[in-house]
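Here is the structure we will look at.
In what follows, every chain begins at residue 1, and chains take the letters A, B, ... in the order their sequences are listed.
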Amino acid sequence: MDNPRAPAQEPRLIRFGTLNPLWRGTMKDALTALLQQTLQQLVNEGTLESIEGVSPQIDHTRDPSHGDLATNLAMVLAKRAGMPPRDLAAKLVAALPANEIIAKTEVAGPGFINFTLSQASHTQGITRILDAGSDYGRRPCDPDKKVQVEFVSANPTGPLHVGHGRGAAIGDSICRLLAATGWSVQREFYYNDAGQQIANLALSVQARAHGLTPDDTGWPEDGYQGEYIIDLANAFVAKDAVSAADREITASGNTDNLEDIRDFAVAWLRREQDADLQAFAVKFDEYFLESSLYANDAVERTVERLVASGHTYEQDDALWLRSSDFGDDKDRVMRKREGGYTYFVPDVAYHLNKWERGYKRVINEQGADHHSTITRVRAGLQGLDVGIPEGWPEYVLHQMVTVMRDGAEVKLSKRAGSYVTLRDLIDWVGRDATRFFLAARAATSQLTFDIDLALSQSNENPVYYIQYAHARVASVKRKALEIDAQWTPATGLEHLATLKESEELALALILTKYPEVVASAAERLEPHDIANFLRDVAAHFHSFYNAHKMLDPAQPDMSTARLALAEATRIVIASGLDLLGVSAPESM
RNA sequence: CCGCCCGUAGCACAACCGGAUAGUGCAACGGCCUUCUAAGCCGUAGGUUGCAGGUUCGAGUCCUGCCGGGCGGGCCA
């Protein structure tokens, strides 16, 4: 099994000559340009022959005693230059062109070059943020860079649970990240409304409508036992009308007609899911129905194409896909002995449809329990011989969410009907906290959602820490206007040179990292990077806020400069929270 | 049996194609509100990064083998 994640991602190094456009204007970018000149200088004077293929790293330092930025350039080039790293580092430092953004340079450790940024560089950074406003760190949408993201895609057989919530939070945030980095994003929800599970759903509703309970004889074997089935059955019997995304259905009330029940049940559950998603502030551009693939013969045509391309064979009265030709560990049955298709066939048809809609880039966000479908879907797509790249589509898989309540794990089982719904979570801890909690951790790690903890400490949730910083800035801005109508962030731009305190400079520095963080999070498809960064920004702001009085009538220049810095902070926090789908309140 | 993900402080999680002294929140302990929002700040304590090897200037990160947890693998979806 190959890596499900996308293959083609820009390396995060500075590869000279191919700067990430999102970094434009960041200190990293500026320093890279300077180092490029420096290297050219060394080449000119013969110290180095060439800098072809050099991929040095330029990093923000962890330890302030190492300056603000550091590079391993000398260590990477030492062998090529034929001199010890520290000596080469010294030469590089000496050849660095004059500039106003670096205040101090130092060779350290095995050959790192540490740079301390100047006050002027911070002034530049803050000005740039205020000038860009909510566009800071973002690129305009390029209509030619189309990407489609499929996420949630819950079966319409029950309410959305915590796992779907995680998919919704991560998927939606990925969409926002892609949009912020210039992609034109289409969000899609795939409804498995044609399989065996839907038949079971209809049978379950029918059984409930007939007054049966799961313990009775006559209850369908794989019936859904959740309480919501009772509500659903009652609504059907009462001849309720429901309107889901694209259709309006009135129940016939005829409990002998399974087709009526099925149509009504799917619509009813879609309405529930839509309401949950709306409460979660997640929207889709397209709801794609699996049943449509049968209605328009797309499944049949996909099978025919696979047969025609020669990647199938008949054996034991079944039709097989030679998926082992495409990286699978064995061949897979496409058409069963009794004639029906196995589940991955409509999946292949669906993805062929995506390809034919023109999406050269498609990302599927799913639970890790769907892992095995990746190889099969990709194998099926390869077998079509229509020029689909091997790694297409990309997958982001999130691991399971374990829910703890009363110190014990709550088992998630649709059939048993005992599980925590997304709606429950939102009702308990709020939309912002739920979204943040579910998106703030790497998708690859299993996470534990402790209900009791979330309830008892809802005010301690990290999201409030970040939102509080935002609200504080808004409050200070209001206060400033009370003191003097001229006291606005814009006024402060002229006085940024008065910012000299370490807390001020540290805050200014971290704010200028934002574009890099957005670019990186979008490339890696990892929204939790944003959450961690915001926590960092908020911490810097809170420290600054507590260490210094921001508004002092006796010092108008300094006060407005600080106001500008605070506003820059607010812009970054509001933008970052938006990427996570979390609100940025003006007051708390 | 095979494949994928994970294992980091009491708990939940970070750590940027391998970088310098492994961080953040909660929980614990001690301080800070007559002053811009105390949902905050400052400080203390807490670690053999599951175990054992290997690769190199350098490993939580890469490789091998174990141990432990999760998920998946069937003419089920």
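Nucleotide U37(B): unpaired (no Watson-Crick or G-U wobble partner with both distances less than 3.5 Å). When both pairing distances are held under 3.5 Å, C62(B) makes a Watson-Crick or G-U pair with G54(B). G7(B): Watson-Crick or G-U partner is C67(B), with both key distances under 3.5 Å. Under the Watson-Crick or G-U wobble criterion, with both distances below 3.5 Å, U21(B) has no partner in any strand shown. The nucleotide A14(B) finds no pairing partner, because no Watson-Crick or G-U wobble arrangement with both distances shorter than 3.5 Å includes it. Across all strands shown, C75(B) remains unpaired; no Watson-Crick or G-U wobble contact has both distances below 3.5 Å.
Judged by the 6.0 Å distance and 45° axis criteria, Arg472(A) is positioned over the aromatic ring of Tyr545(A). Taking the ring centre of Tyr191(A) as origin, the terminal cationic atom of Arg270(A) falls inside the region bounded by 6.0 Å and 45° from the ring axis.
For A14(B), one of the phosphate oxygens OP1 or OP2 lies less than 4.0 angstrom from a side-chain nitrogen or oxygen of Ser445(A). Regarding contacts with the backbone of A77(B), every side-chain N or O of Tyr190(A) stays at 4.0 angstrom or more from both OP1 and OP2. Distances shown here put every side-chain N or O of Arg535(A) at or beyond 4.0 Å from the OP1 or OP2 atom of C13(B). Between Ser372(A) and the phosphate of G72(B), there is no side-chain N or O to OP1/OP2 separation shorter than 4.0 Å. Between Arg376(A) and G74(B), a side-chain N or O to OP1/OP2 separation shorter than 4.0 Å is present.
A distance cut-off of 5.5 Å between ring centres, combined with a plane angle under 30°, leaves Tyr465(A) outside any stacking arrangement with the base of A39(B). By the criterion of a centre-to-centre distance under 5.5 Å and near-parallel planes under 30°, the ring of His371(A) forms no stack with the base of G3(B).
Using a 4.0 Å cut-off between charged nitrogen and carboxylate oxygen, Glu365(A) and Arg166(A) do not count as a salt-bridge pair. Salt-bridge formation is not detected for the pair Arg378(A)/Glu390(A): no Lys NZ or Arg NE/NH1/NH2 atom is positioned less than 4.0 Å from an Asp or Glu carboxylate oxygen.
No contact: Asp317(A) has no heavy atom under 4.0 Å from any strand. Within 4.0 Å (heavy atoms only), Glu503(A) reaches no atom of the nucleic acid at all. Within the 4.0 angstrom heavy-atom criterion, no nucleotide atom of any strand lies near His398(A). Across all strands, His60(A) comes closer than 4.0 Å to base atoms (heavy-atom distances). At the heavy-atom level, Gln366(A) lies nowhere under 4.0 Å from the strands shown. Counting non-hydrogen atoms under 4.0 angstrom, Ala442(A) reaches the backbone sugars and phosphates but no base. Note on Ile483(A): nothing from the nucleic acid sits closer than 4.0 angstrom, heavy atoms only. At the heavy-atom level, Ser587(A) lies under 4.0 Å from base atoms of the strands shown.
Using C1' as the reference atom, U48(B) and U8(B) are 12 Å apart when rounded to the nearest Å. Rounded to whole Å, the separation between the P atoms of A9(B) and A52(B) comes to 16 Å. Between C57(B) and C51(B), the two C1' atoms lie 27 Å apart (nearest whole Å). Rounded to the nearest Å, the gap between the C1' atom of G54(B) and that of C13(B) is 30 Å. G74(B) sits 30 Å from G7(B) when the C1' atoms are compared, rounded to a whole Å. Nucleotides G50(B) and G70(B) have their C1' atoms positioned 16 Å apart, rounded to a whole Å. For C5(B) and A77(B), the P atoms lie 27 Å apart once the distance is rounded to whole Å.
Inter-residue side-chain proximity for Asn364(A) and His370(A) is flagged as unmet; no heavy-atom pair is nearer than 4.5 Å.
Along RNA chain B, the nucleotide nearest Ala368(A) and the nucleotide nearest Tyr343(A) are compared for position; the residue whose nucleotide lies closer to the 5' end is Ala368(A). RNA chain B is contacted by both Asn192(A) and Asn114(A); Asn114(A) maps to the nucleotide lying nearer its 5′ end (nearest heavy atom per residue).
You'll find that the side chain of His542(A) is closest to C41(B), out of G19(B), U37(B), C41(B). Taking every side-chain heavy atom of Arg472(A) into account, U37(B) is the closest of U37(B), G70(B), G72(B). With C41(B), A20(B), U37(B) as the candidates, the nucleotide lying closest to the side chain of Ala471(A) is U37(B). Closest contact between the side chain of Pro462(A) and the listed nucleotides G25(B), C36(B), A39(B) involves G25(B). The side chain of Thr444(A) approaches C5(B) more closely than any other nucleotide in the set A38(B), C5(B), C36(B). Taking only side-chain atoms of Arg441(A), from C-beta outward, the nucleotide of C36(B), A12(B), C41(B) with the closest atom is A12(B). The listed nucleotides are A12(B), C41(B), C36(B); the one nearest the side chain of Met550(A) is C36(B). Each of U35(B), A15(B), G40(B) was ranked by its minimum atom distance to the side chain of Lys549(A); first place goes to U35(B). Comparing C36(B), C5(B), C75(B) by their closest approach to the side chain of Tyr545(A) singles out C36(B). Checking A38(B), A20(B), A12(B) against every side-chain atom of Thr448(A), the shortest atom distance belongs to A12(B).
Inspection of the Glu503(A) and His548(A) side chains reveals an N or O donor paired with an N or O acceptor under 3.5 Å. Residues Gln273(A) and His164(A) have side chains that never bring a donor and an acceptor to within less than 3.5 angstrom of each other.
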Discussion item. Would Val307(A) and Leu319(A) count as a side chain to side chain contact (heavy atoms under 4.5 Å, CB included) here? Give the steps.
Written reply: CA-CA 9 Å; Val307(A) 171; Leu319(A) 180 67; 4.0 Å; yes

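Non-hydrogen atoms lying under 4.0 Å from RNA chain B are contributed by Lys330(A), Arg332(A), Val333(A), Lys336(A), Arg337(A), all within residues 330-341 of chain A.
Atom C1' of nucleotide G69(B) and atom CG of Asp369(A) are separated by 17 Å, given to the nearest angstrom. As rounded to whole Å, 7 Å separates atom P of U21(B) from atom NE2 of His66(A).
Between the side chain of His542(A) and the backbone N or O of Ala539(A) there is no donor-acceptor pair closer than 3.5 Å.
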